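Working notes, beginning with the structure itself.
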Protein chains: 2
Amino acid sequence: MADASASQVLGGESLLYLTDEQLRQGIEAMFFAYRGFTADPDRILQGLSYGRAHHRAIHFIHCAPGTTVNNLLNILGVTKQSLNRVLRTLVEDGLVESRIGRADKRERHLYLTEAGDALEKQLSDAQRARMRSAYRQVGPEAVAGFKQVLEAMMDPEMQRQYQRLRENRG
Amino acid sequence: MADASASQVLGGESLLYLTDEQLRQGIEAMFFAYRGFTADPDRILQGLSYGRAHHRAIHFIHCAPGTTVNNLLNILGVTKQSLNRVLRTLVEDGLVESRIGRADKRERHLYLTEAGDALEKQLSDAQRARMRSAYRQVGPEAVAGFKQVLEAMMDPEMQRQYQRLRENRG
DNA sequence: ATTGGAATGTCAACAACGCTGACTTAAAGT
DNA sequence: ACTTTAAGTCAGCGTTGTTGACATTCCAAT
């Protein structure tokens with residue numbers, strides 16, 4: 001069955017890259033690469049009583065300062081209880097500031113403090129270093145393909161979130 | 001600093017793809033894409049009292065039938081206690097068979113039962129469907145770039161594991 | 001043959017981080 | 001006034017990772 005779909009030719013283009021074996025390779029590559037992707041921040045966070053959830057919150061608050069809790073909830077795709085637990089510790093520890101909204105006083109707008117910014121920089125420097133090294137090894141064309149595949153793998157809703165974040169930064 | 005490294009030109013090739021903003025985009029793409037990557041199997045597993053750890057174990061036992069516990073440990077990168085908990089439930093539920101090694105009776109060789117194979121197929125069909133759709137949308141060149149970047153992101157040890165798995169399947 | 005080490009399994013405890021459900025407070029909209 | 005929305009809180013649970021301690025079994029070397 002796998003070879004049946006793979007041996008088709010569409011407009012003269014080989015579809016060998018769609019075999020089950022090729023797909024399996026991609027799946028395993030995602031698994032191993034994600035491990036590397038999170039390894040450096042994880043190392044920094046371990047022992048700080050923080051984890052990946054804190055890293056993600058810090059990352060997106062840094063990218064969109066003043067974002068509301070609800071907005072962050074949508075981006076991260078977790079429950080408010082789960083996010084709240086993380087935010088509470090970050091506020092208690094003085095890494096995140098939660099300001100009551102001016103227009104809508106129900107909303108809390110989230111900002112990183114100086115200490116929060118410092119940790120964000122430490123974490124993202126480590127993560128970017130690995131990405132930069134990978135990008136440099138393979139060149140711009142491969143990177144373009146990399147992003148295309150990742151975007152195509154996302155759920156449509158996440159695709160929109162992803163594009164919105166990009167637009168907000170120009 | 002970001003622009004300083006980005007505005008360098010090496011052999012006439014633009015390095016604009018190495019800006020911090022480009023790297024940040026890649027980081028967010030990995031985050032959102034991994035969510036999509038695991039979404040379909042997660043949906044199947046929820047309610048079965050199984051999780052991602054069970055999926056991963058099943059995947060790699062399927063790919064390398066007869067693999068030892070220690071080998072699986074290295075591939076998955078977790079502690080033996082963590083893996084053992086997962087394997088125990090899979091053996092109890094009749095999805096995995098654990099055979100004592102003939103040459104070295106300390107080793108346990110792991111195999112999927114028929115039921116295990118059925119679940120593996122269900123999970124990997126769902127995951128491959130998403131990969132196939134993404135691959136098809138972007139074409140073979142983008143897929144090649146995708147794999148190159150992922151491989152470059154892995155820790156060296158994981159790179160070796162990844163290549164070994166590929167070689168064992170031709 | 002005994003000893004040392006390796007592979008495996010098991011028990012207990014703990015932490016991170018998802019989840020659900022129920023409930024409160026406050027403010028906005030109608 | 002009434003409903004809805006945003007946020008926070010509490011309690012409990014499940015999965016999956018961690019350490020530490022310990023038992024068993026077997027291979028290999030002394």
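Heavy atoms only: backbone and side chains are in, while hydrogens, waters and symmetry mates are out. Keep in mind that this is a model prediction, so the values were computed, not measured. Every chain is numbered from 1, with letters handed out A, B, ... down the list of sequences.
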Has the side chain of [X] got a donor or acceptor atom sitting under 3.5 Å from an opposite partner on the base of [N]?
| X | N | answer |
| --- | --- | --- |
| B:K105 | D:dT25 | no |
| B:R106 | D:dT25 | no |
| A:R108 | D:dA7 | no |
| A:R85 | D:dG8 | no |
| B:R52 | D:dG17 | no |

Provide, to the nearest angstrom, the distance between the [atom1] atom belonging to [X] and the [atom2] atom belonging to [N].
| X | N | atom1 | atom2 | value |
| --- | --- | --- | --- | --- |
| A:R88 | D:dA7 | CZ | P | 16 Å |
| B:D104 | D:dT25 | CG | P | 15 Å |
| B:E92 | C:dG9 | CD | P | 13 Å |
| B:L90 | D:dT15 | CG | C1' | 13 Å |
| B:N70 | D:dT25 | CG | P | 19 Å |
| B:D42 | C:dC19 | CG | C1' | 13 Å |
| A:F31 | D:dT16 | CZ | P | 13 Å |
| B:L48 | D:dT15 | CG | P | 11 Å |

- [ ] For A:A57, answer base if it contacts any base atom (sugar-phosphate contacts may also be present), sugar-phosphate if it contacts only those atoms, and nothing otherwise; contact means non-hydrogen atoms under 4.0 Å.
- [x]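 No contact.
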Open item on the list: Under the side-chain contact (heavy atoms from CB on, under 4.5 Å) test against A:R108, which residue among A:L87, A:V91, A:N70, A:I100 passes?
Closed with: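 So the option named by the test is A:I100.
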Please determine if a side-chain N or O atom of [X] lies less than 4.0 Å away from the OP1 or OP2 oxygen of [N].
| X | N | value |
| --- | --- | --- |
| B:N84 | C:dT8 | no |
| B:S82 | D:dT16 | no |
| B:T79 | D:dT18 | yes |

Task: Side chains of A:L23 and A:D20 in contact at under 4.5 Å (non-hydrogen atoms) - done: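 Touching, per the 4.5 Å side-chain cut-off.
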Open item on the list: Salt bridge or not between B:E97 and B:R99? Use side-chain N to carboxylate O under 4.0 Å.
Closed with: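 Salt bridge flag = yes for B:R99 with B:E97.
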- [ ] Identify whether A:Y111 and A:L95 are in the same connected component of the hydrophobic contact network (ILVMFWY, side-chain heavy atoms under 4.5 Å).
- [x]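 Different hydrophobic clusters.
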- [ ] Report the residue (A:A103 or A:L83) whose heavy-atom-nearest nucleotide on DNA chain C is the more 5′ of the two.
- [x]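 Result of the comparison: A:L83.
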- [ ] Take A:V86 and A:K80, find for each the nucleotide of DNA chain C with the closest heavy atom, and name the residue whose nucleotide sits nearer the 5' end.
- [x]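 Going by which nucleotide is closer to the 5' end, it is A:V86.
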Task: Residue that, paired with A:F31, satisfies ring pair (Phe, Tyr, Trp, His ring centres under 6.0 Å) out of B:Y34, B:F60, B:F37 - done: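 Testing each of B:Y34, B:F60, B:F37 against A:F31, the sole residue satisfying ring pair (Phe, Tyr, Trp, His ring centres under 6.0 Å) is B:F60.
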- [ ] Side chain of B:Q81 only, please: which of C:dG21, D:dT19, C:dG18 is the nearest?
- [x]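 Within the option list, the nearest is D:dT19.
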- [ ] Could you check A:H109 against B:A53 and say which one's nearest nucleotide on DNA chain D is further toward the 5' end?
- [x]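 With A:H109 and B:A53 compared, the 5'-side residue is A:H109.
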Open item on the list: As a test of understanding, state which of A:R35, A:R43, A:R130 forms a salt bridge (charged side-chain N to carboxylate O under 4.0 Å, His left out) with B:D155.
Closed with: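 Output: one option passes, namely A:R130.
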